[in-house]
Every structure is written in structure tokens, then in C-alpha cells.
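In what follows, a structure is listed as C-alpha cells, so that the remarks can point back to it.
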Amino acid sequence: MVGQWADFQYEIYLNGMTGAVPRLPTDLTRLEELAEHRLGPGPVGYVAGSAGDGSTARANRAALERRRIVPRMLRDVRERDLSTEVLGRTLPAPLALAPVGVLSIMHPEAESGAARAAAARGVPYILSSASSTPLEEVAEAMGDAERWFQLYWGSDREVTASFLARAKASGYSVLVVTLDTPLLSWRPRDLDRAYLPFLHGVGTANYFTDPAFQAGLAKPVHEDPNAAVLRFLALFGDAGHTWPDLEFLREHWDGPIVLKGILHPDDARLAADAGMDGVVVSNHGGRQVAGSVAAADALPRVAEAVGDRLTVLFDSGIRTGDDMFKALALGARTVLLGRPYVYGLGLDGQAGVDHVIRSLLAELDLTMALSGHASVATVGPDSLT
Ligand SMILES: Cc1cc2nc3c(=O)[nH]c(=O)nc-3n(C[C@H](O)[C@H](O)[C@H](O)COP(=O)(O)O)c2cc1C
């Protein structure tokens, strides 16, 4: 792994000798603006939009920007190793692609395109329950590459058990249970356009192909799609779940279980007490609770509370390699990347996602080198001010 990720910069400069330049910006914070110009207002509004006036999404960025790296010198960083152990597996870098539903609104390659890009770089792909492609099809696109399944924990136990059995049978190794979305929040960018893809049967592929879901319909999905959409809406979320209910998931999943959407250290302790394997400190990219604590401000307290009992993952606001560095320093073992890869997909399909992954990890690798770290293990709280 010697300098592997950072070498992307030389590849770009060498290609430049024939006049070629990258098709997408290498400053990944610029992708959103480009997507706003090039993609349709409904889809891009769905991806870029947040809860309420967007204050949580802004706070996520501000909390990362406020923290500053303090580089160290003369520490021999010629050979660097970004690999990390997470939930019993070795990853080539501390990165996974976050679960993002409905990717067909961004590009026809949708989840399969993003998953193939992740697989090609050894980055785990986390498939959303609300994907526009059935989980079996995405698994097939990935070969034997690392994939995790994200569950929206709905109100129908049979459908939930069926999802878990299908995910297991298709080689998904880790279960990521998203707790922060029992209901959709107040999202003005979607509300102002009355834009909700699920009502058109987009983002419902796992449900519509599920035998337990189909068993609750009077007619096959294609004969009465409206009835299928109504059943989906009725069982998608369940605001009645409580901590003891996790037992049901444990009974139906024998691999690692990670709870996504944890922000309070007491909830992280409850997750550990419930026998979970990890948490994702996340506020869903500011898409659920406007006025919420920034994810990076919640991270150190959660890591301090349970870092020795649980694997602590992080998302919400990661845009650059230095953001990743900061999240690792604040206590995350691995970082989930959300919107930037979705913009990459929308702008250039699988190749766009590949560009985003390589740019991000090249920047992380260089940030580590130039801050005096040859391995992620030495990045910690005193790497920041
Ligand atoms: C368009 C969109 C769809 C999403 N869909 C899901 C989903 O289906 N399941 C889930 O757990 N999280 C979902 N998320 C949240 C992401 O997994 C992640 O927490 C979030 O994108 C992190 O914020 P950031 O992208 O601003 O860094 C979605 C996020 C976006 C932007």
C-alpha cells in the first residue's frame, strides 16, 4: 500500500501531458454546485436538501471546519498504510459508501454503478433498504466484494425477517440499522415541489420484489401498483420501536449489527448493553432533525463513552480528505461518505463515483503524510486543535 492512494495525483499530472484533465473537480466540495447546474431540480433537490432550513447540514460542515489539524514534522512518512480493522474485516482505507436510497433518480447505473465503483477499490458498499435496485442484483454486480445492508426497520416483522434472510443469502456481511428515520422529516425542498419518488414506485425495489411484502397484497404489484405503494408507505417506518425490540433483529441476523443515527452517549451505552457491535454517529446529513447537534460535535463524547466496547463509525458532513482525518482524530474508526459520491454518480455514473473515491483517499493519504502520520493508528485527539 506504499503511497497507493496519493499516486492518483501523479496519474492526473501525467495524463495532463497529453492535454487531458479530470472530468470532475478534484475539490469535492464543488460537486454539489455542479450537480445543481447539470441535473434536474427534483432529483438534485432531493439529494442536496435537508430538514427545515438546513441548519443541521450547515452545522455539520462548520463543526468539521472549526477543528484544525496540527501537522507534525520529521516522522518518516515515506511508507504509509491506510488500512484499518473494522467489525472483524480489514479495509484498505477507513472508508465505506453510506447507504443512499433511490439512486436511479441520479443516473441509470444507480446502485449497481456505485457498488461496482466501491468494489473496484475495496471500499465496502452499504446498500439502502430504499434502493431502486433489488439487493440481489446489486450483490451480483459486486462479485465477492464487501457489502453491508442498511435496514429501514419497518412495522411488518415478516417483511423485516425476509429482508434479513435475503441480504444474508446475497452475501451482505454487516447489518446497519438506521434509527433516525421512523418518519420522514419536514423537508422544504421536496415539499415545495411535492417531490417524493417513492409515490411513483421508485426506491421501493426491495419491497416490491419481496415475497413477504407481496403476500400482503391482493394483486401482484404490476396489476395494482398504487396498492403496492400504499402498503410500502404503511410499513416503511415504525416510530413505536424501543431498545428491547433489538432482540428481534439479533435473532434474525448472526453477523455484526451497527446502529446508525446515534448522537447521545447514553444511546451509545444502550447500544452496547443491547449487544450491538457498533454505532454510526450520524444525523443523516442534517436531513432529519433541523437544529440538531452537529455530528462531529457528538462524535468525541460517543467515542469516549463506548469506544472500547463498540466500533464507532461516523458520517454527516464528510467532503474532503482532511474531513476524514478530523473524524478519525475525533474517535471514528471508519467514515461513511454520503452526498459527494451521489453527485459523482449523477454527473458521471460509475466513473464519477470512482473519481470521488480516489480523490478523497488521495487527499486523506497526503493529509496524513504531510501531518506526520504513516498509519491511521497514530491519528488521535492531539492531532487536532
Ligand atoms: C439522497 C439521500 C438519501 C439517503 N438515503 C438513506 C437511506 O436510504 N438509508 C440511510 O440509512 N441513510 C440514508 N441517507 C443518509 C446517508 O446514509 C448519510 O447518513 C448522509 O448522507 C451523511 O451526510 P452527508 O452526505 O451530508 O455527509 C441518505 C442521504 C441522502 C443525501
Side-chain angles (χ1 to χ4, degrees), residues 28-29 31-32 35 39 42-51 54-64 95-107 110-111 114 124-133 135 138 148-154 163 174-182 184-185 187 189-190 195-198 202-207 232 236-237 258-263 279-289 292 294-296 298-299 313-320 323-324 326-327 332 335-346 356 360:
L28 301 179
T29 64
L31 292 173
E32 178 172 336
L39 306 177
V44 84
Y46 182 75
V47 174
S50 297
S55 71
T56 303
R58 288 193 297 278
N60 285 340
R61 293 292 304 136
L64 285 164
L95 176 70
L97 295 194
V100 171
V102 215
L103 288 182
S104 64
I105 62 173
M106 294 302 273
H107 194 277
E111 289 83 7
Y125 180 69
I126 312 178
L127 181 73
S128 164
S129 281
S131 56
S132 20
T133 316
L135 62 92
V138 176
W148 303 354
F149 181 69
Q150 177 267 324
L151 178 71
Y152 275 132
W153 189 8
F163 271 28
V174 173
L175 179 64
V176 178
V177 184
T178 299
L179 299 180
D180 57 20
T181 314
L184 278 189
S185 71
R187 294 184 183 169
R189 276 192 78 168
D190 298 335
Y195 182 86
L196 192 63
F198 306 107
V202 178
T204 55
N206 288 319
Y207 299 83
F232 165 81
F236 169 78
V258 174
L259 302 184
K260 178 169 182 276
I262 298 295
L263 294 163
V279 292
V280 185
V281 175
S282 166
N283 56 30
H284 214 107
R287 295 165 71 78
Q288 285 299 93
V289 178
S292 157
L299 175 58
L313 311 177
F314 174 84
D315 76 27
S316 297
I318 297 291
R319 300 290 177 270
T320 63
D323 290 339
M324 279 188 78
K326 291 174 185 176
V335 162
L336 276 47
L337 182 70
R339 287 180 174 103
Y341 91 80
V342 180
Y343 297 133
L345 180 75
V356 169
L360 187 75

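Counting convention: from 1, in listed order, for ligands and their atoms alike. What you see below is based on every heavy atom in this structure, not just the backbone, and it leaves out hydrogens, waters and symmetry mates. None of the values given here were measured: they were computed from a predicted structure. Quick note: residue numbers are just sequence positions, from 1.
- In terms of the salt bridge (Lys or Arg N to Asp or Glu O under 4.0 Å) criterion, Arg187 has no residue partners (sequence neighbours excluded).
- At distances below 3.5 Å, at least one donor-acceptor pair connects side-chain atoms of Arg287 with backbone N or O atoms of Gly49.
- The CZ atom of Phe314 lies 14.0 Å from the CD1 atom of Ile262; values are rounded to the nearest 0.5 Å.
- Protein residues lining ligand 1, listed by chain and number: Tyr46, Val47, Ala98, Pro99, Val100, Gly101, Ser128, Gln150, Tyr152, Thr178, Lys260, Ser282, His284, Gly285, Arg287, Asp315, Ser316, Gly317, Ile318, Arg319, Gly338, Arg339 [non-hydrogen atoms, distance under 4.0 Å].
- No side-chain N or O of Asn206 forms a donor-acceptor pair with one of Ser129 less than 3.5 Å apart.
- Taking the six-membered ring where the residue is Trp, Tyr207 and Phe232 present perpendicular rings, their angle passing 60° and hence far from 30°.
- A distance-only check finds a donor-acceptor pair linking the side chain of Glu111 to the backbone of Leu103 [under 3.5 Å].
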